[in-house]
Every structure is written in C-alpha cells, then in structure tokens.
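The basis for the numbers below is simple: all heavy atoms, side chains too, and nothing from hydrogens, waters or symmetry mates.
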Amino acid sequence: MKKGLIALSPLAVFVVLYLVTSIIAHDFYKVPITVAFLAASVYAVIITGGLPLQKRIDKFSQGAGTGQMMLMLWIFVLAGAFANSAKMMGAIDATVNLTLTLLPSNMLLPGLFFAACFVSLSIGTSVGTIVALTPIAAGIAQQTDASIPLMTAIVVGGSFFGDNLSFISDTTIMATSTQGCRLSDKFRVNSFIVTPAALIILIVYLFMGWGMHSPQHVAEVQYIKVIPYLIVLVTAIFGMNVMAVLTIGILLTGIIGIADGSFDIFGWFSAMGTGIIGMGELIIITMMAGGLLEIIKFNGGIDFIIKMMTRHIHGKRGAELSIGALVSLVNICTANNTVAILTVGSIAKKIGDKYGVDNRKCASILDTYSCMMQGVIPYGAQLLMAAGLAKVNPIGIMPYLYYPMAIGIAATLSILFRYPRRYS
C-alpha cells in the first residue's frame, strides 16, 4: 500500500504545485507548467529506490525518448512549421473568411463541432483533427470576439468522437483486439452510448452560438490560399499518414506564398523556424511527462492501481464500473489512451469473463472511458497540441471540454441503467 502510494506521489507533486497553487493564486500562468513537471520529475527520480542515480536518470530518459514519444515530437515540429507558415502566407485568414462566408454566424459553434466529429471519424485520430482544425477555430474566435479556449475545446471534443468510434482508430482496434470482438459489433454498442451525448452537445453549441455575430464586413476570400488547408483535410480523410499530410501542407504554403509574394524563400524558412520554436515548451512538457510516467510505471504505480481496483468487485455493474475506473486511472498515469487500453485490456477481459460482461460492451467501456480521460488531462498530447497551436494555456481549455465529459457521463449511465439492453 505504502509503496504504491509513493510510486504515484510524483503525480500528486505535479497537481499540487501546478493546479492547486494556480487556483489559490487565481492565475494559471503564475506557475509555468514546465516548472511543475520539472519539480515532479526531479522528485520522481529521487524517490526511485534500488538503483544508482545514473540508472534512475537512464530510466527517466527511456520514457522520455520512446519511439512513440519521438513520433509525437516529430508531429509537433511539423505542425508548428505548417501552422506558422500557413499563417504568414494568409492561409488561416483565407480559410476563416471562407468559413464565415459559408456558415451563418449562429451556426459557427455547432458547425465547427460537426466538422471535428466528421474529420476525426474519417481519419481515426484526434491529433490529426486537432492539427487540421485548431488554427481555423482560433482564427474564427479572433474574428468574432469569441473565446479562443472555447473554440479550441470544441475542436478537441469533436476530435474524440472519431478517436472513440472510427474503425481505423488505434483505441478501437486495441479495445476490440484485447476483448476478442469484431470492430463492427463494438461500433454498434459504442454508437448507442455516445451518439446521444454528441447530439446533446451539438444542441448545446447551437444555443451557445445563437447570439454570435460574424464581422459586418468579411474580407474577400483568396481561394488559392485556402488550398493548403483543403489538401491537408482531404489527404487526412483519405487516410494518409499525419506526418506526410503536414509535409505536403508545408510545401504548399511555401509554393503558394512565394508565388503570390507573401514571402520569399527566406521568409518561408523564417516562418517555419518561428513555428517550430513556438512548439518548444510543448516538446519539453511532452518529454518530461513521458519520463515522469515511465518512473511511475517502473516503481509499480500502475500495478498498484490495478490491484486496488480489482479487489472488491461484486456483480456485473461492479465489474463494468471497475473496468472503466481502471482504464481511466491508468490513462492518467500514461497520458495515452491506446497504451492505457493495452495495459489493462487483458485484466479487463478476465474481469468481464468472470462476471459475464459482454465483450462488446467491455471493449466499448475501455475505449469510451480512456477517450474521456485523455480528452481532459492537461498534459495529454491532444490538449498540449491544441494549446500550442491556439497559443493558450491547456488549463484554460479544460472547463469547455463538454464532449469528453459528456461521453464519460454517458458511459457511466449505460453501466448503471444497463443499456444498450441487448449487450448488458
């Protein structure tokens, strides 16, 4: 018990130093998130017993430099280069003006949420959706005097619709493979649970956006400058690798920007460089979070959570609730919903089999709770990416994350009230 709590204590250090002090100070910029992660990381290395200091540092570095982590950092670098070069050549302004021209002002919020849901369902990745749509959302917010954190949160929320449901989503594939069920069956169960939540949130955004007003005079749309974003969206929807998508987008911003005189080749290089530097804090946070969570795992923090959550299960409802809580807690400790499902998948299968939980419902619970938790933790890749692109604090986005919260509530209600009945 004591060892498990000590293993998890670096998370408590981070929460107290960053969240609690920021709340007390009424300012989430008082304590830089990098400093909070640095303090928690140093503490995690100090409390790791049984190894020389160099070995502890090596263990931390292994977590910070995994293949998956490096892939994410590459995406951050490319996203920063694309976002800023697109901004400098006018692609964001042109796309925002096109959106304001096509959509009535009272439909901007639900329209943005629907677009995020559609894109994420098509490409199966929340990160790709956030990369494509966040700059547009931030631009719309600036043009309409809307809240940038709210508009960013709409994209983040919609991005998890597809992350949770898409047939090509990593979480869907992992959840179905660990529970031994078909993708189509899991999709059917999942749809019953989360589609009502998505419709409710869509209606909420419709009411919230009813009083919004677009600028009186929207600038003429320069359609050629919209091309980079259109190509990024189309290639992403057709399933191209997100790094290839961003590379194509960067090349198009350079070609179009140089051709129309927005910048010369050196100006293009400068725009890319500034965008990459702008992602510096995000990259540092991601690496420190990876190392911190690796130390927690090494010290037995995740094993402790699994042991505690499976001790007192009674009946089918208790089994389903424990599976949801288990994947949520492990997600907090890994900051990766796919890894969380992989970590607890086999245990969830054993619990489900023992208490008669339908494996399709079990897969849906794993996926939905992990997406809910991934959608609200401020140090997850999705919120960090969105915050970096929108130039806001990830904590500022959290109060507006209605959809991730809604699917967590929907999943809990589906357990308590035994629906969909056929799979419960």
Side-chain angles (χ1 to χ4, degrees), residues 70-102 112 115 119 123 127-145 148 151-152 155 214-215 217-238 240-286 384-392:
M70 290 298 105
L71 177 62
M72 189 58 64
L73 298 186
W74 266 112
I75 294 172
F76 290 166
V77 168
L78 290 170
F82 171 66
N84 201 56
S85 56
K87 179 181 178 182
M88 296 305 293
M89 62 80 74
I92 293 176
D93 289 339
T95 308
V96 168
N97 290 336
L98 178 62
T99 306
L100 294 173
T101 303
L102 294 176
L112 187 61
V119 172
I123 67 178
V127 171
T129 304
I130 289 166
V131 167
L133 295 181
T134 299
I136 298 171
I140 292 172
Q142 290 170 347
Q143 289 272 14
T144 58
D145 292 326
I148 294 178
M151 300 296 274
T152 305
V155 171
S214 296
H217 303 288
V218 178
E220 184 179 348
V221 180
Q222 295 178 281
Y223 289 98
I224 192 170
K225 293 189 175 184
V226 179
I227 289 174
Y229 270 112
L230 288 179
I231 295 297
V232 162
L233 287 174
V234 170
T235 51
I237 287 170
F238 277 95
M240 185 177 286
N241 180 279
V242 65
M243 291 177 68
V245 167
L246 289 170
T247 302
I248 291 170
I250 291 168
L251 292 173
L252 284 172
T253 60
I255 293 167
I256 295 170
I258 292 169
D260 80 347
S262 296
F263 42 54
D264 57 18
I265 190 166
F266 298 108
W268 179 39
F269 290 164
S270 176
M272 285 192 288
T274 302
I276 293 168
I277 292 170
M279 288 288 180
E281 184 180 49
L282 174 58
I283 291 169
I284 292 168
I285 292 168
T286 303
L384 289 175
M385 171 67 81
L389 291 172
K391 307 301 181 190
V392 295

Revision key, fill the gap. What one should report as the nearest heavy-atom pair of Ala137 and Leu112 is CB-CD2, 3.6 Å
Listed pairs under 3.5 Å, donor-acceptor, residues 222-233 side chains, sequence neighbours left out:
| unit_1 | atom_1 | unit_2 | atom_2 | d |
| --- | --- | --- | --- | --- |
| Lys225 | NZ | Met89 | O | 3.1 |
| Lys225 | NZ | Asp260 | OD2 | 3.3 |
| Lys225 | NZ | Ser262 | OG | 3.3 |

**Study point:** Gap between atom CD1 of Ile255 and atom CD1 of Ile250 - 0.5 Å precision
**Key:** 12.0 Å
Study note, to complete from the structure: Nearest heavy-atom contact between Met279 and Leu389 is CE-CD2, 3.4 Å
Study note, to complete from the structure: Taken in chain and number order and not counting sequence neighbours, the residues that satisfy side chain to side chain donor-acceptor pair (under 3.5 Å) with Thr253 are Ser85
Review point. For Ala271, does its backbone N or O pair with a side-chain atom of Asn84 as donor and acceptor, under 3.5 Å?
Key: yes
Study note, to complete from the structure: Gln142 meets the side-chain contact (heavy atoms from CB on, under 4.5 Å) criterion, sequence neighbours left out, with Ile148
Check your understanding: So which heavy atom on Ile258 is nearest to which on Ile265, and how close?
Key -> CD1-CA, 3.8 Å
Check your understanding: Is the number of heavy atoms from other residues, nucleotides or ligands under 6.0 Å of Met88 CE greater than 12?
Key -> no
Review point. Can you name the side chain to side chain donor-acceptor pair (under 3.5 Å) partners of Thr152, sequence neighbours left out?
Key: none
Review point. What's the spacing between Asn97 CG and Ile140 CD1 if we round to 0.5 Å?
Key: 10.0 Å
Review point. Counting distance only, does the side-chain N/O of Ser270 pair as donor-acceptor with the main-chain N or O of Phe266 below 3.5 Å?
Key: no
For residues 72-83, which side-chain N or O atoms pair as donor and acceptor with protein atoms under 3.5 Å away, sequence neighbours left out?
none

Review point. Pairs in or reaching into residues 70-94: which pass salt bridge (charged side-chain N to carboxylate O under 4.0 Å, His left out), with residues at least two apart or in two chains?
Key: none
